[in-house]
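Naming: A, B, ... by sequence-line order, numbering from 1 per chain. Predicted model, so just to flag it, every value in this text is computed and none were measured.
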Number of protein chains: 2
Amino acid sequence: MTDSPWKAAGDRQSEREAKRIAVLTVAAQAFNETGYHATSLDDIARRLNVSKPTIYYYVKNKEEILFECARMGLELMEEAANEVIGSGGSVYDELIAVMHKYAEIVTMDFGMCLIRVGEEPLNAESRRTLRTLKRGIDAKFRSLIQRGIEAGEIVPCDAKVAAFMLAGALSWIARWYRPDGPLTPQQIADQHIALIMSGLRVRGG
Amino acid sequence: MTDSPWKAAGDRQSEREAKRIAVLTVAAQAFNETGYHATSLDDIARRLNVSKPTIYYYVKNKEEILFECARMGLELMEEAANEVIGSGGSVYDELIAVMHKYAEIVTMDFGMCLIRVGEEPLNAESRRTLRTLKRGIDAKFRSLIQRGIEAGEIVPCDAKVAAFMLAGALSWIARWYRPDGPLTPQQIADQHIALIMSGLRVRGG
DNA sequence: CCGTTATCCTACTCCCCGGTAACATGGCTT
DNA sequence: AAGCCATGTTACCGGGGAGTAGGATAACGG
């Protein structure tokens, strides 16, 4: 639970932006715990020690909150991928690095919201926008896999299906991960990636 | 879209049960297309060529519809696993067979509803019941993996994490599968299972 | 045939919750 | 000091949809 910045003082412009982020963050946490529809704006307001109309000062409506949460999650993934890709390692290492970041983001507020809530409650246009962003991430995964195949580092396969499989295995973490569990996000990511890469079948034989 | 059995004639008892199943099936289809909350009981009734109160003659309320859909999905999985396990093959083959059935169920009405909608809209007790059933499925996967490890057929790993990874990769299919896509559920299942088993990394070297 | 019961419909109620109107407050500028 | 704008609040509206009351109809048993 992020503290709300209400009661602190400071600039004017940046303060406003910080509060907006706080609204989104707290909302994402609430959505992840209770679900989108089961979370009322009064619930969110209560968590922020604020009244409901105040939220409307920072955000257009409930739908925009979810849209922005999902967009932030996708933005984190996009940035993570851009950071890694072309950073100088082998395609194989890059793929692992991107997967690792993906898995971690999926355990964080916005990333988890993206997976858990999804885009179902949004209108057609917002869904289209999000799907476009998702396709961007997916394309990066596919490209890495395809280049890995060509480099002889990745097993020959349909890169499209492989990307789905991989995204599924990692996204699913968001459905069962709890911060108070025995494993840290890093450990979970490591184990998942190791299994995805090496496969369940024993080698040789 | 399953036809509704309204207008046919026949027994009395079995007819009633058939109609109840039709309500659940059509509801699951609607939930999968539109989402649980965005689907009104009037929508479901319209698809059945029936008025809303008629639905209440076969079902207690909207929550029970979702609960039953999810329960049916889990029941299918449970049955599939029981059919396979102990049927005489190697542990490895059994695991593959269960995964295959799991992947197919997840592309069907109830299985897809189980994954897409989830248990979030349900009350605490219903959620507990479903979670218990889920744990049963999960335990079967873990047991197969564990026995596979001991038999030297599965790579040594944390069976718990492996089961999650596997369930995630297969469940995710429900999020993007469309019946009018280029791949059949069988093909999707085959490719996913092949990748999960062999891993993305090239062998040897 | 006639009563009984299963089945289904029309026409409501009721409440939750997203969204808004209109007013209060307090800091910054001039 | 005086007013303006950003920020919040209380108190409300309105719609949508879950769920129900009560009546019509039709199948079935005697």
Side-chain angles (χ1 to χ4, degrees), chain A residues 3-24 26-28 30-31 33-69 117 120-123 126, chain B residues 3-24 26-28 30-31 33-69 117 120-123 126:
Chain A
D3 322 36
S4 73
W6 276 271
K7 38 177 62 69
D11 287 358
R12 196 78 165 208
Q13 187 73 349
S14 70
E15 192 65 8
R16 182 177 170 80
E17 183 57 19
K19 288 183 183 177
R20 181 185 156 90
I21 298 292
V23 168
L24 298 179
V26 167
F31 293 162
E33 289 173 24
T34 330
Y36 176 75
H37 293 283
T39 302
S40 71
L41 288 177
D42 280 313
D43 292 334
I44 299 172
R46 201 173 310 116
R47 289 183 184 228
L48 291 164
N49 302 315
V50 147
S51 70
K52 181 172 61 172
T54 299
I55 292 179
Y56 282 88
Y57 188 72
Y58 294 95
V59 117
K60 191 162 126 274
N61 53 27
K62 191 182 182 184
E63 221 180 301
E64 188 187 90
I65 295 178
L66 176 58
F67 176 78
E68 285 297 286
C69 287
V117 179
E120 174 248 304
L122 300 174
N123 61 51
S126 298
Chain B
D3 324 34
S4 74
W6 276 272
K7 39 177 63 70
D11 288 357
R12 197 77 169 209
Q13 187 73 350
S14 70
E15 193 65 9
R16 181 177 171 81
E17 183 58 18
K19 289 182 183 176
R20 182 185 156 89
I21 299 291
V23 168
L24 298 180
V26 168
F31 294 163
E33 288 172 25
T34 331
Y36 176 75
H37 292 284
T39 302
S40 72
L41 287 178
D42 280 312
D43 292 335
I44 298 173
R46 200 172 311 118
R47 289 183 184 230
L48 291 164
N49 302 316
V50 148
S51 71
K52 181 171 63 172
T54 298
I55 292 179
Y56 282 89
Y57 187 72
Y58 294 96
V59 115
K60 194 163 124 271
N61 53 29
K62 191 181 181 184
E63 221 179 303
E64 189 187 89
I65 295 179
L66 176 58
F67 175 78
E68 285 298 285
C69 287
V117 179
E120 172 249 303
L122 300 174
N123 61 50
S126 297

Per Tyr58(A) side chain, nearest of listed nucleotides dT9(D), dG8(D), dA18(D):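 That would be dG8(D).
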Please tell me which of the listed nucleotides, dG19(D), dT20(C), dC8(C), lies nearest to the side chain of Tyr56(B)?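 The answer is dG19(D).
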Between [N] ([atom2]) and [X] ([atom1]): distance, integer Å:
X        : N       : atom1 : atom2 : value
Leu66(A) : dG18(C) : CG    : C1'   : 15 Å
Glu64(A) : dG18(C) : CD    : C1'   : 14 Å
Asp42(A) : dG18(C) : CG    : C1'   : 9 Å
Lys62(B) : dC15(C) : NZ    : P     : 19 Å
Lys19(A) : dT7(D)  : NZ    : P     : 6 Å
Asp43(A) : dC16(C) : CG    : C1'   : 12 Å
Ile55(A) : dT20(C) : CD1   : P     : 14 Å
Glu15(B) : dT7(C)  : CD    : C1'   : 12 Å

Distance test, side-chain N/O of [X] to OP1/OP2 of [N], below 4.0 Å:
X        : N      : answer
Arg16(B) : dA6(C) : no
Tyr57(A) : dG8(D) : no
Thr54(B) : dC9(C) : yes

For Ser40(A), answer base if it contacts any base atom (sugar-phosphate contacts may also be present), sugar-phosphate if it contacts only those atoms, and nothing otherwise; contact means non-hydrogen atoms under 4.0 Å.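 Touches sugar-phosphate only.
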Within the distance-only criterion (no hydrogens, no angle test), does the side chain of Glu63(A) pair as donor or acceptor with the backbone N or O of Asn123(A) below 3.5 angstrom?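 Present.
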Between Lys52(A) (side chain) and Ser40(A) (backbone), is there a donor-acceptor pair under 3.5 Å?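 Checked: no pair found.
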Side chain Lys52(B) and base dG17(D) donor-acceptor under 3.5 Å: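 When only heavy-atom distances are counted, Lys52(B) does not reach the base of dG17(D) through any donor-acceptor pair under 3.5 Å.
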Please tell me if the side chains of Val23(A) and Lys19(A) come closer than 4.5 Å, counting only heavy atoms from C-beta onward.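 Not touching, per the 4.5 Å side-chain cut-off.
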When you compare the side chain of Lys62(B) with that of Tyr36(B), does any pair of heavy atoms fall below 4.5 Å?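 Side chain of Tyr36(B) against side chain of Lys62(B), heavy atoms only: contact under 4.5 Å found.
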Quick one: do Ile65(B) and Leu41(B) satisfy side-chain contact (heavy atoms from CB on, under 4.5 Å)? Show the steps, please. CA-CA 10 Å; Ile65(B) 295 179; Leu41(B) 287 178; 3.9 Å; yes
